[in-house]
S.K.: 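Attaching a single structure in structure tokens format; questions to follow.
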Amino acid sequence: MTDLSTLRGVGPRLAARLAKLEIRKIEDLLFHLPLRYQDRTTISPIASLRPGDECLIEGEVQSCAIRFGRRRALLCAVEDQTGSITIRLFHFNKSQQSSLQSGKGIRCFGEIRRGPSGLEMVHPEYRLLQPGKQQPGLETTLTPIYPSTEGLRQRTLFLLTSQALELALHSVEELLPEAQLPQQLRAVTLQNALQALHRPTTPLSAEQLAICRGRVAFEELLAHHLSLQQLRNHYRKEQATPLSQDRGRVDHLLQLLPFSLTTAQQRVIKEIFQDLQQSHPMRRLLQGDVGSGKTIVALSAALHAAESGLQSALMAPTELLARQLFKNINTLLEPLGINVGFLSGGMNIKERRQMVQQIADGGCSIAVGTHALFQKDISFHNLALVIIDEQHRFGVEQRAALKQKGERGSYLPHQLIMTATPIPRTLAMTFYADLDSSVIDELPPGRTPIKTVTVPESRRSEVLQRVHANCLQGRQVYWVCPLIEESEALQCQAATDSAEEIQKQLPDLSVGLLHGRMSAREKDEVMTRFYQGKIQILVATTVVEVGVDVPDASLMIIENAERLGLAQLHQLRGRVGRGALSSSCVLMYRPPLSRDATERLQTIRDTTDGFEIARKDLEMRGAGELLGKRQTGTLQLKIADLSQDQLLIPLVEKSAQQIMAHDPLSASSMIKKLIRRWIPQGEHYHSTG
Ligand code: ADP
Ligand code: MG
């Protein structure tokens, strides 16, 4: 009895909507848990209300009138013994208008907002109270609000989950032996936890609810962790070509550098080289803040492959970055007689054919490029190492797909994935448990910290003056116009307009423009002129977000900074402060700022530590966003919340270890069931492993 269609009210159309929520069988409904609850069990005094609250109030209508303005609305003042609030209706009919008379008792449920004159509720659910009669009773359980999708009402989900609880709750299997649960979660069975989460009866304390949620979240996190562990064990059994122990040429190169490596760089190079000597493929994630010097690490690994007589491929996400990476690497390795090649989609046919040939016959030892490196017609002579740069969104699926690229018979290339977006430990444990991890936690010496200020849009002309003064001192400036519009075309238009405007205001300076609609060649030209100092102000969309390296650029202006996320602001800011010049970043914003935006701008102003910023980001946005939900698809957590459940992570790890160590056979059947329960749509990536 697992078929959804056996439930009352479920036809093909509803089934299709449910499938969008990954609900395909009755058990899935049981694990489709409320996002939150509405509390209609108590009436809140009006004086205690705060914007953002969702609550039930009761009072007396004081006045009711239509306000004609930009948008016609019916405004109704409601007062209780403690204070008053405005009810605002945009859509209303005659009978509503006449029924909301002063003196009437009213009960409303809705979200509290700050209005032009004090707090208000916009379109609350309301009912008028009958004088003299007994008032309707309050709810006795919290009202669950489920994650939903278009065309699926809360009421429907409520009825469906009610049926599921009745029909199927008793058959939900307790997969985890009690001994595997953390002490504090043993108080409740899985079935009881599910029941309580769907239909929390009052008085159920917040603490009890948290235990129930923790019980389910623990299982979910454990399922993800175990599945990635399995993947990792699987990779251990695969074969790769071990690189030689001799690293003479790498050491020689490092001696030629004008600087010495930081301790952190030395450490991660050692970690990587150890992996490269194994006969199973390296799968390592290298995290290092912007400017921490990941390129030289990548280059050392590639050179090491070359001195072992093997090829490597270095891939960057955009043409611009790939070209820059190529330039950096080629400058250092060409003098050593290493043939570094470049391949991207933007090349002409002849160049491309030549490159493809060299990759195939081994003439090219290190191929740098975009994803063009991994198109079907490209085959490497003896690819042993794949390095992916600036990959800040890299889900399990992409990792699995990459695995196949460069596969030669049963041999896999070693893989190094580099990211400047620090991944908090909690995320790393859960979603990157199939990878080993290295961290560059130190910046090269001599960098002056970037000074960041926030400035309202109204002071734009002051900002322009500052830009002018900076340029006269020989410095260069990035001027970033981020996503004001969803569409890329409009974004580019905005940047184009800004560039014209700035050029008009500062006619003695040279202003350049960079956006995603330009061809690779055009972008490259602009970037080159910026490197050479021929462009003083580079107006750009967020295409400059990652990787571009121009040491003399020491001032960055970000327009509409309030619209950007923390990670993106941090990345953008990382474009300056790369030389010895002291650098600054001006975040322009358009008031009024929401609470979130205020917090974001404050965070970015007060810290330059990427890990701290990532932690804050996780706290504010949740893991889905950080992982790039849309790109990773299957990596959504249903219940667990990585910032809220941080404390569970070490317990999950411990439990996973115990499970694996205990009885491998029964463990494997349990793990299978756990994975089927929690990651059904992800099974394919486990089986590709
Ligand atoms: P990212 O980690 O952001 O890719 P890069 O590898 O581009 O950083 O390095 C940023 C800059 O720092 C480059 O100009 C690079 O030459 C320089 N650099 C790297 N390592 C060191 C070091 N140990 N000492 C001084 N400068 C370094
Ligand atoms: Mg880089």
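Order of listing sets the numbers, starting from 1, for every ligand and every atom in it.
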S.K.: With a cut-off of 4.0 Å, which atoms of ligand 1 are near a heavy atom of T262?
M.R.: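 Near T262, the atoms of ligand 1 are 23 (N).
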
S.K.: Within the 4.0 Å heavy-atom shell around L261, which atoms of ligand 1 are there?
M.R.: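 Counting atoms of ligand 1 from 1, those under 4.0 Å from L261 are 23 (N).
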
S.K.: Does R232 pair with D436 as a salt bridge, N-O distance under 4.0 Å?
M.R.: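 Result for this pair is yes, salt bridge flagged.
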
S.K.: Check whether any heavy atom of S260 sits under 4.0 Å from an atom of ligand 1.
M.R.: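 S260 counts as a contact of ligand 1 under the 4.0 Å cut-off.
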
S.K.: If we ignore angles and hydrogens, is there a donor and acceptor under 3.5 Å between the side chains of Q465 and H468?
M.R.: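 No, because no side-chain N or O of Q465 sits under 3.5 Å from a partner of the opposite role on H468.
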
S.K.: Select one of side chain, backbone, both or neither to describe which atoms of Q265 lie under 4.0 Å from any atom of ligand 1, heavy atoms only.
M.R.: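 It is the side chain that touches ligand 1; the backbone stays farther off.
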
S.K.: Which atoms of ligand 1 have any heavy atom of P444 under 4.0 Å away?
M.R.: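 Atoms satisfying the 4.0 Å criterion: 20 (N), 21 (C), 22 (C), 24 (N), 25 (C), 26 (N), 27 (C).
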
S.K.: Any nitrogen or oxygen of G288, main chain or side chain, under 3.5 Å from a nitrogen or oxygen of ligand 1?
M.R.: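 Among all N and O atoms of G288, none is under 3.5 Å from an N or O of ligand 1.
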
S.K.: Can you label the angle between the F374 ring and the F380 ring as parallel, tilted or perpendicular, going by 30° and 60°?
M.R.: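 Because their plane-to-plane angle lies in the 30° to 60° range, the rings of F374 and F380 count as tilted.
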
S.K.: Any ion pair linking R352 and D377 (charged N to carboxylate O, less than 4.0 Å)?
M.R.: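 Counted as a salt bridge, because a side-chain N and a carboxylate O are separated by less than 4.0 Å.
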
S.K.: Ligand 1 and G291, any nitrogen or oxygen pair closer than 3.5 angstrom?
M.R.: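 Right, the criterion is met.
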
S.K.: Using a 4.0 Å cut-off to any heavy atom of T295, which atoms of ligand 1 qualify?
M.R.: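 Going through ligand 1 atom by atom, the ones under 4.0 Å from T295 are 4 (O), 5 (P), 6 (O), 7 (O).
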
S.K.: Which of the atoms of ligand 1 are close to S292, meaning less than 4.0 Å from one of its heavy atoms?
M.R.: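 Those of ligand 1 that fall under 4.0 Å from S292 are 2 (O), 8 (O).
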
